[in-house]
Amino acid sequence: MKLFAMFNDIVRNLFRKPATRNYPYEKRPDFPGTRGRLMIDPTNCIYCGICAKKCPSNAITVTRKPDQSWQFDRFRCIVCAACVEACPKKCLRMAPRTEKYPDEE
Ligand code: SF4
Ligand code: SF4
């Protein structure tokens, strides 16, 4: 009886899709409503600092003098997207979780 039940499982699993996916070649798409991760396109950034002022977790640091710089601490980010909404030059966007930062492999 147990053998028969096992045989049924074997036959059923022969024709099923695998329960796992071939990660990292096949990545799970984001769930609906997932905000992803913050990305910047610095080409239009005017270093106004509005994004840093709007950020509730102080994850963004913008300096104008002596050098212009835009820095982001990804471990402080709570993915609220307040900076994205506030940026007057539309430099910021929420990207899918699978998109890599420039310094990631
Ligand atoms: S709000 Fe936009 S333009 Fe201003 S510093 Fe931030 S990213 Fe740059
Ligand atoms: S998404 Fe929210 S927490 Fe993250 S950097 Fe932008 S304002 Fe700050």
Side-chain angles (χ1 to χ4, degrees):
M1 192 68 183
K2 278 186 181 174
L3 266 180
F4 183 70
M6 199 166 76
F7 181 75
N8 273 350
D9 282 344
I10 290 168
V11 172
R12 204 177 316 128
N13 284 319
L14 276 178
F15 298 103
R16 270 191 186 158
K17 281 174 62 179
T20 55
R21 62 178 57 75
N22 192 18
Y23 186 86
Y25 306 107
E26 192 185 328
K27 291 183 177 138
R28 180 197 288 269
D30 283 347
F31 295 108
T34 305
R35 286 196 173 143
R37 49 197 345 206
L38 178 66
M39 292 285 174
I40 182 170
D41 173 9
T43 47
N44 290 330
C45 182
I46 54 174
Y47 302 95
C48 62
I50 292 174
C51 53
K53 284 188 190 118
K54 289 284 180 181
C55 179
S57 58
N58 294 325
I60 300 174
T61 309
V62 180
T63 57
R64 296 184 102 167
K65 291 179 185 168
D67 296 313
Q68 292 181 325
S69 82
W70 187 96
Q71 292 176 323
F72 169 56
D73 183 347
R74 70 183 80 155
F75 297 111
R76 297 191 78 150
C77 179
I78 56 169
V79 203
C80 67
C83 55
V84 176
E85 289 164 22
C87 177
K89 303 301 278 182
K90 305 286 178 230
C91 304
L92 302 171
R93 68 185 169 91
M94 300 312 292
R97 269 181 323 114
T98 48
E99 194 169 321
K100 297 202 180 238
Y101 290 115
D103 61 346
E104 285 181 312
E105 281 182 26

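For the numbers below, each heavy atom of this structure counts, side chains included, while hydrogens, waters and symmetry mates do not. When a ligand or atom number is given, it counts from 1 through the structure's own listing order.
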Any chance the side chains of D41 and T43 put a donor and an acceptor closer than 3.5 Å?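 A donor-acceptor contact under 3.5 Å links the two side chains.
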
Heavy-atom closest contact (P56 atom, I78 atom, distance):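 Distance-wise, the nearest heavy atoms are CG-CD1, 3.9 Å.
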
Please check: side-chain N/O of R97 versus main-chain N/O of D30, any donor-acceptor pairing under 3.5 Å?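 Side chain of R97 to backbone of D30: no pair is present.
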
Where the side chain of R35 meets the backbone of M94, is there a donor-acceptor pair that is under 3.5 Å apart?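 Answer holds: no.
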
Which of the atoms in ligand 2, numbered in the order shown and given with their element, are less than 4.0 Å from a heavy-atom of [X]?
{"X": "S57", "value": "3 (S)"}
{"X": "C55", "value": "3 (S), 5 (S), 7 (S), 8 (Fe)"}
{"X": "C77", "value": "1 (S), 3 (S), 4 (Fe), 5 (S)"}
{"X": "P56", "value": "7 (S)"}
{"X": "A81", "value": "1 (S), 2 (Fe)"}
{"X": "F72", "value": "5 (S)"}

Heavy atoms only, cut-off 4.0 Å: how does I78 contact ligand 2, side chain, backbone, both, or neither?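 It is both parts that get close, each with some atom under 4.0 Å.
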
Would you please test F72 and L92 for side-chain contact (heavy atoms from CB on, under 4.5 Å) and show each step? CA-CA 12 Å; F72 169 56; L92 302 171; over 6 Å; no

For atom 2 (Fe) of ligand 2, what's the nearest protein heavy-atom neighbour? Residue, atom name and distance, please.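 Closest protein heavy atom to atom 2 (Fe) of ligand 2: C80 SG, 2.3 Å.
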
Which residues pass the side chain to side chain donor-acceptor pair (under 3.5 Å) test with R76, not counting sequence neighbours?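 Per chain and number, R76 pairs via side chain to side chain donor-acceptor pair (under 3.5 Å) with no residue.
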
Below 2.8 Å, which protein N, O or S atoms neighbour atom 6 (Fe) of ligand 1, ignoring water?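 Counting only protein N, O or S atoms under 2.8 Å from atom 6 (Fe) of ligand 1, the list reads C51 SG.
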
